[in-house]
*Asks:* 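Take this structure first; my questions come after.
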Amino acid sequence: MAVLVFLAVAIAASIPLAYGFRMALMRAAPHHMAAPARDMPLTAAFGLLVILLYVIVAAFAPVLAPFPERAVVGVQFQPWDGTHLLGTDRLGRDMLSRLIYGARNTVGIAFATTALAFIVGSLLGIWAALRGGWLDQVLSRFVDALMAIPSLIFALLLLTIFGTSVTNLILVIAAVDATRVYRIARSVAQGVVVMDYIEAARLRGEGNWYLIRHEILPNALAPLVAEFGLRFCFVFLTISSLSFLGLGIQPPMADWGSMVRDNATLITFGNVTPLLPAGAIALLTVAVNFVVDWQLYRASGLKEQG
Amino acid sequence: MNAVLVMIAQRLALGVLTLFVVSVVIFGATELLPGDLASALLGQTATPETLAALRTQLGLNDPAPVRYWAWLTGVMQGDFGTSLATRRPIADMLSARLGNTIFLALYAAAIAVPLSLILGVLAALWRNSLFDRVANAGALSAISFPEFFVAYILIFLLAQSGFFPSMVRISPAMGLGDKLYVTFLPALTLTLVVTAHMMRMTRAAIINLLASPYIEMARLKGVSPLRIVLRHALPNALAPIINVIAINLAYLITGVVVVEVVFVYPGLGQLMVDSVAKRDIAVVQAIALIFASAYVLLNLTADVLSTLTNPRLMRRK
Amino acid sequence: MTQSRFDKGLTRRGVLKGATALGAAGLILPASYRQARAEPQQGGDFRIGLGHGNSTDSYDPGLWDNLYAQVFAASRHNQLIEVAADGQLTGEIAESWESSDGKTWVFRIRQGVTFHSGKDVTVEDVIASLNHHRGEDSTSAVKQFFDPVEDIRADGQNVIITLDAPNGDFPYLMSDYHLAIMPGTDGKIDPTSTDGCGPYIVESYEPGVQATLNRNPNYWKSDRGHFDRVEILAILDSAARLNALMTGQVDLIDQIDPATIGMLEARGVANILSIPGNAHYVFPMDSRAAPFDDNNVRLALKYAIDRQQMVDTILGGHGAVSNDNPIGPANRYFYADMEPKTFDPDRARHYLRQAGMESLSVDLHVADAAFSGAVDAGALFAETAAQAGININLVREPNDGYWDNVWMQKPFVASYWGGRAVEDHMFSMGYASGAAWNDSYWEHERFNELLVKARSEFDEDLRREMYQEMQRIVSFEGSVIIPMNNNYVMATATNVATPEQISANWNLDGFRCVERWWFA
Amino acid sequence: MMGDVLLTIRDLKIEGRAGEDWLPIINGVDLTLHKGEVLGLIGESGAGKSTLGLAAMGFARDGCRISGGEINFDGIDLRKASERRKRALRGQRIAYVAQSAAASFNPAHKLIDQYCEVPVLAGIKRSKAEAEAIELYRKMQLPEPGDIGFRYPHQVSGGQLQRAMTAMAMACHPDLIIFDEPTTALDVTTQIEVLAAIRDIVREYNTAAIYITHDLAVVAQMADRIKILLRGDEIEEADTRAMLAAPRADYTKSLWAVRSFARPEQPPASGTPVVSIRNVTAGYGKIDILHDVSFDIHAGRTVAVVGESGSGKSTVARVMTGLLPPRRGEIVFGGQTLPPDYRARSRDQLRQCQMIYQMADTALNPKLRLREIIGRPAQMYLGLKGAKLRARVRELLDLIEMEPDSFIDRLPGELSGGQKQRIGIARALAAEPELIICDEVTSALDQIVQEGILKLLDRLQSDLGLAYMFITHDLATVRAIADDVVVMQKGRIVEQGPKAQLFAPPHEPYTELLLSSVPEMDPDWLTRRLRGRRGAG
């Protein structure tokens with residue numbers, strides 16, 4: 001019950017926040033940006049506000065956090081009090097500070113992973129759609145096969161082979177995600193490559209790279225951005241699930257996915273500690289997708305008018 | 001109809017190719033894993049002598065291609081071989097667990113698919129309303145919690161109070177009602193995990209069509225909004241919806257190892273993770289093939305259904 | 001995961017006959033826990049949830065390697081010899097045993113014991129069961145036990161085992177859980193059979209899921225095996241185990257997350273059993289590799305760890321601080337008065353300077369496979385070491401393959417020991433130069449000399465002196481950091497009753513909770 | 001014929017959303033329609049004629065709103081009526097026939113199911129509705145009226161669909177039908193049948209209609225009165241014959257004058273042709289689309305390839321550009337046989353032959369600025385860079401009569417249809433080609449805009465000595481611009497020769513059919529033509 005009341009209060013509070021943020025944005029934004037800001041639904045304003053806050057928290061983590069990321073500053077599981085606003089974790093580290101540093105690490109890793117997955121996946125997908133023929137067949141069948149392997153187990157295999165440094169983690173999750181991106185990019189690009197302007201460019205004798213960069217990518221961006229939003233958030237979950245299965249991020253680095261895992265048992269006793277990192281992930285997921293939905297809506301709206 | 005049969009045949013052939021690639025990838029990856037079955041079985045107790053003896057006994061001394069070939073020829077004759085770790089026939093080991101996995105997947109799907117369709121249709125109908133926003137945010141929140149955490153919360157809320165068991169103890173002798181009761185929590189967990197995706201896709205696929213001329217036509221014919229969504233938009237949005245359902249069903253079969261662990265559910269995922277840890281390649285391969293087949297067949301089914309529900313593809317001019 | 005690597009190669013000469021005292025006293029339960037401890041009652045369905053057990057678990061006794069297999073084995077099998085709760089050896093299938101020279105051992109096989117199938121347990125069955133672990137092509141984990149065995153033969157109701165050299169502790173080896181007595185045919189046992197002569201008969205078994213057993217009505221021990229039915233469940237997730245116990249789906253669980261012990265206790269729905277023993281968690285350093293080849297560096301690290309904090313945080317208080325000493329308080333010659341090492345950053349810096357360094361940076365490789373909480377322990381260590389100017393860079397390794405690729409491969413890792421009842425056993429296995437599990441590759445001339453001398457020293461005081469000197473050497477010159485001794489922690493439903501003494505020899509009352517415990 | 005007033009619209013104002021702002025689409029238009037009367041609404045795209053037509057149903061598209069005025073349908077105030085009330089009117093008393101029946105029929109349901117939807121909602125029994133549907137299909141002269149309703153839309157041809165949609169609109173015998181460009185997407189030979197069917201049924205049921213189109217000749221056949229709209233304002237309204245005879249407003253007069261352009265007669269072709277298509281047979285898979293097609297194109301001349309959809313005329317272009325290598329035959333360019341596949345052609349060979357597409361919307365990358373769209377061929381083929389490239393782009397914009405400063409940095413989405421097509425031309429010119437293939441370049445445009453494009457193409461041809469291959473189904477365009485004509489049907493050349501020769505009788509039967517199907521401005525043309533055809537048939 002308390003949770004529901006809390007949620008209701010949070011939603012009620014977020015509406016004026018989003019409203020105020022939109023007003024501020026309209027004032028502050030340069031002229032050509034002001035129109036979309038005015039046009040923005042409250043959900044998107046809320047999403048942008050949250051993302052902005054996360055970015056600020058991530059950027060200024062050392063300034064904002066009351067304690068260092070990894071320092072043991074008390075006994076384990078201290079309750080919330082004046083010194084440790086959100087208590088301490090299982091090793092006696094300040095929970096709030098770890099959440100703040102977690103923003104930096106988690107968002108950074110998730111962004112790097114997703115960006116990599118999108119660069120690789122969408123380029124290959126567009127290339128396959130553009131070239132068609134045997135190249136498309138070989139790539140698509142191979143991706144099909146990879147997708148037929150459960151992603152978590154595949155990631156587990158790869159991480160066990162290559163080790164669990166942050167770089168490997170990023171590479172492996174990106175590789176697994178890239179297969180999904182490939183599929184989407186390919187199908188979107190297949191819709192684009194039949195357009196006359198692609199035919200015109202081909203007949204002009206343009207190379208693949210020009211076609212991908214100038215002709216296809218800009219037109220395939222909207223659905224890819226939407227997918228980016230979801231995939232970005234799924235990276236946290238993958239890290240969390242991997243850490244459930246005994247892999248994951250290198251301690252003592254704070255990241256939300258592992259923090260959920262580390263403290264998850266506490267929920268068995270009704271302790272809300274693990275809800276904090278989980279809530280941080282959920283809030284970001286919702287925020288990112290609000291913004292993505294708005295961008296998609298804008299993209300489709302503009303298309304109708306054109 | 002003939003075209004559909006040809007398509008099925010082609011896709012099955014491609015599916016076999018996919019399975020082959022999967023088996024090579026899995027075999028290669030398992031080979032690359034540090035250690036082998038012998039060292040995994042003996043663990044820290046391993047000594048060079050026992051390792052050598054065990055390797056000889058298990059036939060691990062042959063080069064990898066020879067072992068792969070032996071496995072492949074066995075599988076082609078329908079023989080999955082025996083687990084090297086437990087020395088039981090793999091087919092026996094898998095059958096009960098496969099049944100469990102499919103049961104749980106179907107159970108979760110039976111809740112999740114109608115639920116997400118209804119929510120998706122309503123969200124499309126009342127798009128940009130409060131309902132739409134709340135359903136959307138709720139669904140996104142549900143998928144942004146890790147599965148095991150959703151499971152823990154459900155256990156805390158529904159098992160500790162005694163409504164449902166916190167762990168699944170399932171036996172073949174159980175009646176369906178009991179089975180449904182004891183597996184309710186894992187099914188609910190999975191429902192929460194997959195509903196969001198399907199719901200959002202349903203909503204998006206329908207809204208995507210609402211700008212179509214035939215929808216405008218229906219509105220100009222005085223058709224009510226609900227009827228427009230159900231009768232005019234939904235049948236045309238079926239292909240992407242069927243596809244996303246297939247993907248999620250495949251996930252329910254292949255991707256639920258975490259939920260299996262939390263609810264102590266004897267499914268294939270746990271067996272696969274264990275077998276990877278033990279380097280029991282034959283078992284890993286067999287499960288990988290089952291998973292890949294599920295994926296291939298579900299995708300094929302989705303495509304066939306999309307075709308069957310699309311008169312343009314079904315009835316030529 | 002497995003504790004079996006620690007129970008090999010006993011070579012202590014001593015009492016050669018009858019019951020051997022093994023020192024390791026178990027927990028004497030506090031009075032509060034002894035409430036209404038009446039006579040054992042028969043009946044009930046005892047459900048155990050264990051944090052072990054895989055779908056790939058082998059049926060082969062030679063390959064049993066985890067707590068699940070061990071408890072399951074103890075439920076259905078007997079061995080020649082049992083370790084009683086007080087640490088004494090008592091006969092099981094062997095009615096008695098003796099040796100005149102420590103080389104030829106005569107085990108008298110108990111008569112009137114039957115397998116679950118109804119077949120009598122014969123001398124031939126015993127020989128087949130032992131031979132399964134012996135010989136060139138055996139894959140048994142305890143194959144080495146039988147390396148010194150020259151011959152096993154039947155002589156009427158006796159089994160006669162001849163060794164190539166005297167070994168007074170040979171009967172202790174015969175209590176090993178791998179050495180289950182199983183029915184033999186033509187001198188061989190069927191390693192996939194579940195037939196045994198133990199307290200319970202297997203009804204069904206699904207590896208990695210559950211085993212169901214029913215009371216053996218013909219069990220030869222009339223005062224053991226009180227439950228009508230036993231179910232052993234593999235519940236790998238610690239939260240799931242807790243929930244299963246709290247919702248009454250199981251009656252006993254092991255491996256409780258230390259962070260939640262307090263909360264579980266507060267609920268009042270379970271009894272916590274915390275059994276101190278000689279088990280300990282360690283951080284071995286490769287003494288051959290720089291910078292660990294310098295004892296000053298090793299000492300610096302030893303003073304840079306906060307042992308009490310580790311016990312409080314990693315063990316939730318269920319354990320004791322260790323002074324880098326593999327010999328525990330349960331051992332006879334435990335050196336209790338050795339100068340303790342407390343967390344002292346200044347002293348650590350001092351030793352670092354002695355080694356000619358201002359600061360130090362090392363990689364510590366950990367995984368929870370090493371011990372539950374190893375990653376956290378590493379993080380704590382890194383934190384305290386930082387205060388002494390030592391940068392410990394924590395490398396989390398996959399659980400999968402940890403023992404193959406990290407332990408004894410990387411220079412600074414985490415590991416654990418089950419602890420030994422016998423000092424010589426512990427030192428010979430883990431610290432003698434060239435020993436198979438000398439995981440710090442440590443060599444110390446004086447230590448090695450003392451180790452050999454002590455074996456043949458029969459004067460109690462001199463022996464004590466020698467062993468205490470060895471403990472001092474290991475503690476201050478050794479290459480293994482031993483911050484804590486961990487208790488075996490388990491929780492039971494409130495209606496589960498236990499004997500007053502619970503064995504410290506292995507977890508879950510020496511795996512024998514099934515035959516020793518009952519429902520009140 | 002004039003009955004009571006059915007629909008009155010007074011001072012109607014409709015606005016459309018542009019971002020956060022609302023821009024006017026209709027600025028205070030009045031309209032009165034009597035029972036049984038057909039009103040023609042004429043205007044270019046963007047004139048607001050569809051918006052006005054929909055407003056007559058009390059309907060505004062998403063992103064539009066009715067901001068002022070009144071709409072009164074048979075005593076019901078549609079601006080104040082509830083959604084439920086309006087829903088009850090729509091389909092039953094006011095029906096709508098959309099421009100593209102192919103897109104406006106739901107692909108998932110059979111025709112008769114879609115027909116029956118409104119009658120069943122109105123309380124008519126399904127079996128009765130079906131019987132009426134078959135009767136209406138028969139009246140609309142659909143083939144196999146008893147069966148055609150049980151087909152899916154994709155199984156029925158465009159002209160038949162358009163008639164089926166009219167039948168569907170007729171289902172509840174509405175008082176008013178809005179026809180929104182019902183024949184625009186059809187071939188001329190099909191159009192004439194649909195026009196006849198619509199006219200007959202409307203007359204038979206004495207249904208009032210608003211007939212929206214941009215084609216004067218079509219509206220002349222259908223409407224009793226004509227109203228002309230320009231950018232949301234009414235220009236004039238009059239009886240059809242009066243309007244045709246004596247247009248009052250200047251804009252109307254300019255509309256009337258559109259069909260005056262004609263390219264002067266050129267001297268007969270001589271010398272080697274720029275390009276020769278020699279005995280080309282081509283197709284996809286096992287099916288041949290083109291059968292043994294041969295013709296030449298000479299420098300400075302325009303060859304029009306005419307035919308209805310499915311005649312293979314666009315396939316000729318695909319073979320020439322190398323997108324579809326022919327099975328047999330060859331393309332000879334400037335005396336040199338071109339490689340069949342464009343990928344094997346040299347950059348210079350690619351440069352010589354440029355193409356302009358029918359749909360300027362899909363032919364221009366919506367994410368690139370005009371600077372890059374036009375500049376790219378010049379940069380690629382001619383190696384222009386920096387200032388030279390900029391100068392060339394401006395020059396090209398000047399050439400197509402678009403102000404460089406205001407257009408050079410725009411996106412295609414910010415242009416009108418005609419402007420987009422001009423950019424397509426500029427892009428082709430940038431390569432400095434010898435031949436330009438124009439694939440239906442004017443068919444998606446309003447007539448006045450068409451005229452401008454044709455004039456531009458003609459001027460460029462004279463200035464630059466280009467050869468054109470002009471693919472079209474519109475004989476008016478052929479008349480205006482062609483020097484030589486190739487008539488195609490089902491992948492074969494039916495007839496070819498100089499324009500004068502081709503347009504003078506005697507004709508091949510197919511050419512004759514094409515020529516006779518082009519609507520004329522005479523209100524009696526349809527009646528006459530039908531009489532003639534039925535007499536002949």
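Throughout, protein chains are lettered first and strands after them, A, B, ... in sequence-line order, and every chain is numbered starting at 1. Quick caveat: nothing in here was measured; it's all calculated off a predicted structure.
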*Asks:* I need the contact set between residues 304-312 of chain C and chain A: heavy-atom distance under 4.5 Å, sorted by residue number.
*Replies:*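 Answer by number: Gln309(C), Asp312(C).
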*Asks:* If we ignore hydrogens and angles and just use 3.5 Å, is the side chain of Asn485(C) paired with the main-chain N or O of Ala279(C) as donor and acceptor?
*Replies:*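 Indeed, once roles are kept as given, a pair shorter than 3.5 Å links the two residues.
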*Asks:* If you draw a 6.0 Å radius around CZ in Phe269(A), do more than 12 non-hydrogen atoms from other residues or ligands fall strictly inside?
*Replies:*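 It does: Phe269(A) CZ has more than 12 such atoms within range.
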*Asks:* Chain A: which of Asp257(C), Val375(C), Asn405(C), Ile314(C) shares the most heavy-atom pairs with it under 4.5 Å?
*Replies:*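 Between Asp257(C), Val375(C), Asn405(C), Ile314(C), the count favours Asp257(C).
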*Asks:* Taking the ring of His84(A) and the ring of Phe67(A), is the distance between their centroids below 6.0 Å?
*Replies:*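 Between Phe67(A) and His84(A), the centre distance is under 6.0 Å.
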*Asks:* Using a cut-off of under 4.5 Å for heavy-atom pairs, which of Thr160(A), Asn263(A), Leu91(A), Thr268(A) has the most such pairs with chain C?
*Replies:*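 Result: the option with the highest number of such pairs is Leu91(A).
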*Asks:* Does any N or O in the side chain of Arg241(C) come within less than 3.5 Å of the main-chain N or O of Ile235(C), such that one atom is a donor and the other an acceptor?
*Replies:*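 Yes, the answer is positive, given that a donor and an acceptor are paired below the 3.5 Å cut-off.
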*Asks:* Please round to the nearest 0.5 Å and tell me the distance separating atom OG of Ser361(C) and atom CD1 of Ile390(C).
*Replies:*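 Ser361(C) atom OG to Ile390(C) atom CD1 measures 10.0 Å (nearest 0.5 Å).
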*Asks:* Examine whether an atom of Phe77(A) lies under 4.5 Å from a heavy atom of chain C, and if so say whether it belongs to the side chain, the backbone or both; otherwise answer neither.
*Replies:*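 Looking at Phe77(A), just its side chain touches chain C.
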*Asks:* Please classify the contact between Asp368(C) and chain A as side chain, backbone, both or neither, with a heavy-atom cut-off of under 4.5 Å.
*Replies:*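 Nothing of Asp368(C), per the 4.5 Å heavy-atom cut-off to chain A.
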*Asks:* Would you say Glu265(C) and Asn271(C) are linked by a side-chain donor-acceptor pair, where the criterion is simply a distance under 3.5 Å?
*Replies:*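 Side-chain D/A pair, Asn271(C) to Glu265(C): absent.
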*Asks:* Quick one: which of Gln387(C), Glu397(C), Met246(C) has the most heavy-atom pairs under 4.5 Å with chain A, could you say?
*Replies:*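 The answer is Met246(C).
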*Asks:* Any chance the side chains of His318(C) and Ser274(C) put a donor and an acceptor closer than 3.5 Å?
*Replies:*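 On atom types as modelled, these side chains qualify, holding a pair under 3.5 Å.
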*Asks:* Between Leu394(C) and chain A, with a heavy-atom cut-off of 4.5 Å, which part of the residue counts as in contact: side chain, backbone, both or neither?
*Replies:*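 Backbone plus side chain of Leu394(C), per the 4.5 Å heavy-atom cut-off to chain A.
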*Asks:* Can a side-chain donor-acceptor contact be found between Ser122(A) and Tyr182(A) if the only test is distance below 3.5 angstrom?
*Replies:*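 Looking only at side-chain atoms, Ser122(A) and Tyr182(A) do not form any donor-acceptor pair under 3.5 Å.
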*Asks:* We want to know whether Asn393(C) and Asp363(C) form a side-chain donor-acceptor pair, criterion being a heavy-atom distance below 3.5 angstrom.
*Replies:*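 Judged by distance alone, the side chains do pair up.
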